[in-house]
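Following: one structure in structure tokens, then a few remarks.
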Number of protein chains: 2
Amino acid sequence: MVKNKIDSTTQDKILDAAREIFFKQGYAGGKMQDIADAAGINKALLHYYFKTKEKLFEVIFLDAFSKFVPKIDLLLETENPFLEKIENFIGIYISFLSSHSAIPLFVINEINKDPEAFTQRMFGTKSLPFPIQKLFSLINKEVEQGNIIEIAPQHLLINMISLCVFPFLAKPLMYRVMGLSEKQFTLILDQRKSEVFVFIKNALHPTIYSRQKN
Amino acid sequence: MVKNKIDSTTQDKILDAAREIFFKQGYAGGKMQDIADAAGINKALLHYYFKTKEKLFEVIFLDAFSKFVPKIDLLLETENPFLEKIENFIGIYISFLSSHSAIPLFVINEINKDPEAFTQRMFGTKSLPFPIQKLFSLINKEVEQGNIIEIAPQHLLINMISLCVFPFLAKPLMYRVMGLSEKQFTLILDQRKSEVFVFIKNALHPTIYSRQKN
DNA sequence: GTCTATACGCAGATAGAC
DNA sequence: GTCTATCTGCGTATAGAC
């Protein structure tokens, strides 16, 4: 095969290296030299493939972001009961996070550093499909039917995401504070696939005296 | 008053400026020039007060970290019932986060970037008082007495912190995804003082068929 | 204590040979 | 496509006057 096209192996090595560095160090902290080293090449070649640091970062960020956004669709299939959808959603999301544990911090962090740039990136490319309103309608319906406790859909969504994602963000802090090894804490994180679901299920279960809030 | 002592007004201006910059930009992204500008002085004076960037950052970080660690003591006073302690804890923690919303990201982010440095900082100064074991014992006691559902104390603690902290980390992402203005989302965050407690209270409430987990 | 001017190294980016 | 060498600007830090 003629070499008039970009060698995808090198490009992939670069992308993997960039991910590794940017995930750990962020945009400002991640140096092109480090990425070149990690990819086994030199800076010049890096710039040959990705003209600027900003462009390279863009690719890594957009890819990570699209993966970070949970699959809300899982909550919208109308076949099985609501709680099963939630169980399914949580299991899949936590499993994904377990094998991509650096993504949450990276995405959250960079969005906060430059929310404007993020907004542009998000709506600049393709408006990502967030069927949020559909999800909220579904939750409201479940509430009205008395299947779950009365709760604002916004809070339920926030709660679900929080319980899934946060432990991965706080991992290096938490396992030290709890006096655990990283291995031990990783086990705990894995248990959460069922723990979080049970917790949410109980929280949503309608009781006799439900919703005597204040 | 003789000027043989460091002018605390200038020092405070520097610290405030450093907080502002470091909170938003992190260590690598925060430039000494920006801090000097924000403090209304120049770089040279900055180095006069804090010899190096690293030293200045250290001060800001340690202060932020100590504030970020939730007051677990609130959960250990033995007077009022467990759920009231939790309610109290959540209210105080979320209120604090509301008025210091930049701290969580800053702390989480820097700890993840350099966990070793963090560990040194944490145990290098004074071993912070984390009465974690006491808290876990207390939770286990509540479980045994049947006051709350069976739950591993680690998960309960993780859940509480997650529900309190994460929304502040994800704020700029979430309010956009939900199609809300920042103001609207801020209102929602404020509601969480009661919402989170109710959610947890329900989740912990022992039911007839409680703990049929799998 | 506060400033201006400057030294110096690091990191992003380019030129040009192979 | 990949390399070495180099340019350039930025950012930390210091020197030295006031």
Side-chain angles (χ1 to χ4, degrees), chain A residues 1-63 106 109-110 113-114 117 120-121, chain B residues 1-62 106 109-110 113-114 117 121:
Chain A
M1 186 178 183
V2 192
K3 268 194 155 188
N4 60 352
K5 204 158 188 296
I6 284 178
D7 178 2
S8 76
T9 314
T10 299
Q11 177 150 351
D12 285 351
K13 274 193 294 184
I14 292 176
L15 287 174
D16 287 343
R19 239 184 301 273
E20 181 192 329
I21 300 297
F22 282 141
F23 278 8
K24 234 179 284 180
Q25 309 291 340
Y27 178 78
K31 311 301 178 189
M32 293 295 266
Q33 183 63 61
D34 298 339
I35 296 173
D37 292 348
I41 59 172
N42 58 46
K43 281 192 295 179
L45 197 54
L46 211 52
H47 281 93
Y48 173 80
Y49 279 86
F50 300 88
K51 212 78 185 82
T52 68
K53 181 184 181 181
E54 180 66 34
K55 284 209 178 71
L56 175 55
F57 180 82
E58 195 87 354
V59 175
I60 302 298
F61 177 84
L62 283 177
D63 181 58
F106 174 70
N109 188 34
E110 297 300 330
K113 288 237 178 75
D114 197 344
Q120 280 197 335
R121 281 188 197 113
Chain B
M1 186 177 182
V2 192
K3 270 195 153 189
N4 61 350
K5 202 159 190 296
I6 284 179
D7 178 2
S8 75
T9 314
T10 299
Q11 177 150 353
D12 285 350
K13 274 193 294 183
I14 292 176
L15 288 174
D16 287 342
R19 239 185 301 273
E20 181 192 329
I21 300 297
F22 281 142
F23 278 8
K24 237 179 283 180
Q25 309 292 342
Y27 178 78
K31 311 302 178 187
M32 293 295 265
Q33 183 64 62
D34 298 339
I35 296 173
D37 292 348
I41 58 171
N42 58 47
K43 283 189 292 180
L45 196 55
L46 211 51
H47 281 93
Y48 173 80
Y49 279 86
F50 300 88
K51 211 79 185 82
T52 68
K53 182 184 181 182
E54 179 67 35
K55 284 209 178 72
L56 175 56
F57 181 81
E58 194 88 354
V59 175
I60 302 297
F61 177 84
L62 283 177
F106 174 70
N109 189 33
E110 297 301 329
K113 289 239 177 72
D114 196 344
R121 281 189 197 112

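Lettering of chains follows the sequences in order, A, B, ..., and the numbering in each one begins at 1. Bear in mind the structure is a predicted one, so any value in this text is a computation, not a measurement.
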Is there a side-chain contact between B:E20 and B:D16 (heavy atoms, below 4.5 Å)?
->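 Heavy-atom side-chain distance check fails, nothing below 4.5 Å.
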Decide yes or no for B:D34 and B:K24: does some side-chain heavy atom of the first lie under 4.5 Å from some side-chain heavy atom of the second?
->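 Side-chain contact under 4.5 Å: no.
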Round to a whole Å and report the spacing from [atom1] of [X] to [atom2] of [N].
{"X": "A:Y49", "N": "C:dA13", "atom1": "OH", "atom2": "P", "result": "18 Å"}
{"X": "B:I14", "N": "C:dG1", "atom1": "CD1", "atom2": "C1'", "result": "11 Å"}
{"X": "B:Y48", "N": "D:dC18", "atom1": "OH", "atom2": "P", "result": "18 Å"}

Would A:F57 and A:F22 satisfy ring-ring contact (aromatic ring centres under 6.0 Å, His included), going step by step from the backbone distance to the final call?
-> CA-CA 8 Å; A:F57 180 82; A:F22 282 141; 5.1 Å; yes
Between B:K55 (side chain) and B:Y49 (backbone), is there a donor-acceptor pair under 3.5 Å?
->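 Flag not set: sc B:K55 to bb B:Y49 has no pair under 3.5 Å.
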Any sub-3.5 Å donor-acceptor pair from B:N42's side-chain atoms to B:L45's backbone N or O?
->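 Yes.
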D:dT2 phosphate, OP1 or OP2, under 4.0 Å from A:T10 side-chain N/O |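 The answer is yes; a side-chain N or O of A:T10 sits under 4.0 Å from OP1 or OP2.
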Counting only side-chain N and O atoms of A:H47, is one of them less than 4.0 Å from OP1 or OP2 of C:dA13?
->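 Yes, such a contact exists.
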Contact list for DNA chain D against residues 50-61 of chain A - heavy-atom distance below 4.0 Å |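 Hits under 4.0 Å, by residue number: none.
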NZ/B:K53 to OH/B:Y27 distance, rounded to the nearest 0.5 angstrom?
->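 One finds 5.0 Å between NZ of B:K53 and OH of B:Y27.
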How far apart are the C-alpha atoms of B:H47 and B:M32, what are their side-chain angles, what is the distance that settles it, and do they pass the side chain to side chain contact (heavy atoms under 4.5 Å, CB included) test?
-> CA-CA 9 Å; B:H47 281 93; B:M32 293 295 265; 3.9 Å; yes
Identify, with sequence neighbours excluded, every residue that meets salt bridge (charged side-chain N to carboxylate O under 4.0 Å, His left out) alongside B:D114.
->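 Not a single residue meets the salt bridge (charged side-chain N to carboxylate O under 4.0 Å, His left out) criterion with B:D114.
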Stretch residues 26-46 of chain B: residues that reach within less than 4.0 Å of DNA chain C through a heavy atom =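 Within residues 26-46 of chain B, the residues near DNA chain C are B:I41, B:N42, B:A44, B:L45.
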